[in-house]
Protein chains: 2
Amino acid sequence: MVMNIKNSRESVNSCSHCNLKKVCFPHGLSADELSTFENSVDKTVKIQKKEKLFSRGDPLTSVYAIKAGSIKTYLSTSKGQSQVLGFHMPGDLLGFDGFADDRHTSNAVAMEDTILCELPMSNFENLCEILPGLRKVMMQQVGGEINRHHSLVLTLGQMQTEERLATFLLRLSCYYQVRGFSCTQFNLPMPRHDLANFLGMAPETLSRMFAKLEKQKVVSIKRREVNILDMDGLLGLSHEICTHAEV
Amino acid sequence: MVMNIKNSRESVNSCSHCNLKKVCFPHGLSADELSTFENSVDKTVKIQKKEKLFSRGDPLTSVYAIKAGSIKTYLSTSKGQSQVLGFHMPGDLLGFDGFADDRHTSNAVAMEDTILCELPMSNFENLCEILPGLRKVMMQQVGGEINRHHSLVLTLGQMQTEERLATFLLRLSCYYQVRGFSCTQFNLPMPRHDLANFLGMAPETLSRMFAKLEKQKVVSIKRREVNILDMDGLLGLSHEICTHAEV
DNA sequence: TATAACGCTTGATATTTATCATGAATGTTT
DNA sequence: AAACATTCATGATAAATATCAAGCGTTATA
């Protein structure tokens, strides 16, 4: 729950002029629907680096869309371990983890200063009743999240560490490409520690796998700067989902 | 897509008299809503053991609720590997994997002869418009699926093999308890091979972990018959989500 | 500028888990 | 009942990865 003094809320520029409309809520809403919709997304939330957007147990008050910055979601165990569930960037939606019983089950923290558009749940239910397009968009977004989880489970359950990293880099590359950025040169938005946790390996192992990819001249890495030198080589290291096959 | 000659469809007994109404769609619908709803779930689908309900790439035609039997969902990779995504039992809903772009992204196969209630997507959209309770139930169900995925990611990403198995047994125990069965004695609905794959380990390792749990006198296993001898001991081996903590 | 703290890398070693190989128990077909 | 295929368990070994330890840049702080 956002209660921090550092937060600020202010009125938002319209969705129809947002440069993220192709990947965010507006995608799939008609012009009429969109004007109804954007009147309900009347606030933005700003949070600073390391500040939490919500924590496990907080009541679900809103669904958020990231406008700028990045958010890490994670789970904590009673042993003090944690598992990063995802790194979320502009255009991504947050809050579905609270749908089951109106409380968040995961934690969300800003990886850098971040701006989010807030859709309060009180408006949400009403909007779903009157906007068929929003129901459709919600199903697509939720389905997308489920598919990403499936993919992550496959990665963690079946792949070795090198392949996990290759797969991650390819996904990130795609992610940037869809948003109009270079798919071969980009910055990792997270430190090694978080990425290793997300990929289910020790930070030292991640380091070694980066070194291995560099030695193969598939990518070059300098701190957080990634440069994909051989896309086909990288694809060859990853064996993501089969388009045709049976079990 | 269900096209097999072995399938049969027939009219379904009403949801209001179904013994699964507490865990399935009806949970959350008012009496009025339920009568509208059950007119749209007008068919059951029967599939035999090892028969597929849908495959990756199939158009999303329906959402299914399992009435009897059990279904395994899984992903396949281009290397011929597969990853089991879940074992689904009576009261569970199937088909959310197709929400993102109206095509299934995973595969679903019957682990035994199975009966499902079918809700065609053509009815679904309309029902969502007129039944607020259904929208709420859908959100809860989808949220539940997302939370289960989070939990699975934590299991695969952070836990060692013994803890993965302990956690799985506890979840299964809960599952049966909610449905009115014994939480200490039950049968595993899946072979070792599938369970090992689901838990991201080799079948031999799973076997050894069962043996380890038996030696600790925490559970006894005979083929597929599980008997939890020491629930607290089992809980002690699993460190699922923390109710209080920070990262 | 010095110093500390952090993020990252690399080497040596220990641990965990996979793989390979075998055999027992159970279930199925003839 | 015999022959066969499945399923599962267990031992021996190999491979992958975690852990421990040290060191090196970079960034932050005094």
Side-chain angles (χ1 to χ4, degrees), chain A residues 48-50 72 79-84 87 111-112 155-169 187-216 219-227 237 239 247, chain B residues 48-50 72 79-84 87 111-112 155-169 187-216 219-227 237 239 247:
Chain A
Q48 294 193 332
K49 187 174 179 174
K50 298 195 179 178
K72 172 181 79 169
K79 262 166 119 177
Q81 295 172 301
S82 68
Q83 169 67 45
V84 173
F87 305 106
M111 296 160 68
E112 59 193 309
T155 302
L156 293 173
Q158 300 300 320
M159 296 180 188
Q160 310 222 114
T161 53
E162 184 187 23
E163 190 174 358
R164 287 184 212 174
L165 176 55
T167 303
F168 171 80
L169 290 173
N187 276 20
L188 298 176
M190 75 294 286
R192 297 283 190 276
H193 172 83
D194 283 342
L195 180 53
N197 177 286
F198 177 65
L199 295 176
M201 64 184 80
E204 294 93 332
T205 305
L206 178 62
S207 224
R208 282 183 242 273
M209 292 307 137
F210 269 129
K212 200 170 169 188
L213 294 184
E214 284 211 279
K215 199 156 70 180
Q216 295 174 262
V219 300
S220 78
I221 317 273
K222 198 179 193 180
R223 309 289 286 177
R224 302 222 187 151
E225 294 164 31
V226 176
N227 198 336
L237 291 172
H239 296 85
V247 104
Chain B
Q48 296 193 331
K49 186 174 179 174
K50 298 196 179 176
K72 173 181 79 170
K79 261 167 120 177
Q81 294 172 300
S82 69
Q83 170 68 43
V84 173
F87 305 106
M111 295 159 68
E112 59 193 308
T155 303
L156 293 173
Q158 300 300 321
M159 296 179 187
Q160 311 224 113
T161 54
E162 184 187 23
E163 189 174 358
R164 287 184 212 175
L165 176 55
T167 303
F168 172 80
L169 291 174
N187 275 21
L188 297 176
M190 75 294 287
R192 296 285 191 276
H193 172 81
D194 283 341
L195 180 53
N197 177 286
F198 177 64
L199 295 175
M201 63 183 80
E204 295 93 331
T205 305
L206 178 62
S207 226
R208 282 183 242 273
M209 292 307 137
F210 269 129
K212 200 170 171 189
L213 294 184
E214 285 210 278
K215 199 155 72 180
Q216 295 173 261
V219 299
S220 78
I221 317 273
K222 198 179 192 180
R223 303 296 281 181
R224 301 220 187 154
E225 294 163 33
V226 176
N227 198 336
L237 291 172
H239 296 84
V247 106

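We name chains A, B, ... by the order of the sequence lines, and we start the count at 1 in each one.
With C:dT19, C:dC8, D:dT19 as the choices, the nucleotide that has an atom nearest any side-chain atom of A:P191 turns out to be C:dC8. Nearest nucleotide to the A:E204 side chain, out of D:dT10, C:dT10, C:dT16: C:dT10. The side chain of A:R208 has D:dT19 as its nearest neighbour among D:dA16, D:dA12, D:dT19. Here the side chain of B:A211 is nearest to one of C:dT16, D:dT19, D:dT10, namely D:dT10. When each of C:dC8, D:dA9, C:dT19 is scored by its nearest atom to the side-chain atoms of B:S207, the top-ranked nucleotide is D:dA9.
Nearest-nucleotide mapping onto DNA chain D: of A:M201 and B:H193, the residue sitting toward the 5' end is B:H193.
Taken from CG in A:L237 to CG in A:L165, the straight-line distance is 9.5 Å, to the nearest 0.5 Å. For the atom pair CZ of B:F210 and CZ of B:R192, the computed distance is 4.5 Å after rounding to the nearest 0.5 Å.
The CE-C1' distance, from A:M190 to C:dC8, rounds to 16 Å in whole Å. Rounded to an integer number of Å, the gap from B:Q158 CD to D:dT17 C1' is 14 Å. Atom P of nucleotide C:dT9 and atom CZ of A:R223 are separated by 8 Å, given to the nearest angstrom. Rounded to a whole Å, the CG atom of B:L195 is 10 Å from the P atom of D:dC8. Following rounding to the nearest Å, B:L206 (CG) and C:dT17 (P) show an atom-to-atom distance of 12 Å. The nearest whole Å value for the distance from the CD1 atom in A:I221 to the C1' atom in C:dC8 is 12 Å. The nearest whole Å value for the distance from the CD atom in A:E163 to the P atom in C:dA18 is 15 Å. One interatomic measurement links the two molecules: NZ of B:K222 to P of C:dA25, which rounds to 12 Å at whole-angstrom precision.
Contact annotation: B:T205 side-chain N/O to C:dT17 OP1/OP2 distance is not under 4.0 Å. The side chain of A:R192 contributes an N or O atom lying less than 4.0 Å from OP1 or OP2 of C:dT9. Between B:T161 and C:dT17 there is a side-chain polar atom (N or O) within less than 4.0 angstrom of OP1 or OP2.
Taking each heavy atom of A:H239 and A:E163 in turn, the nearest pair found is N-OE2, 2.8 Å. The two atoms that bring A:L156 and A:R164 nearest to each other are O-NH2, 3.6 Å, heavy atoms only. Taking each heavy atom of A:V84 and A:D194 in turn, the nearest pair found is CG2-O, 3.9 Å.
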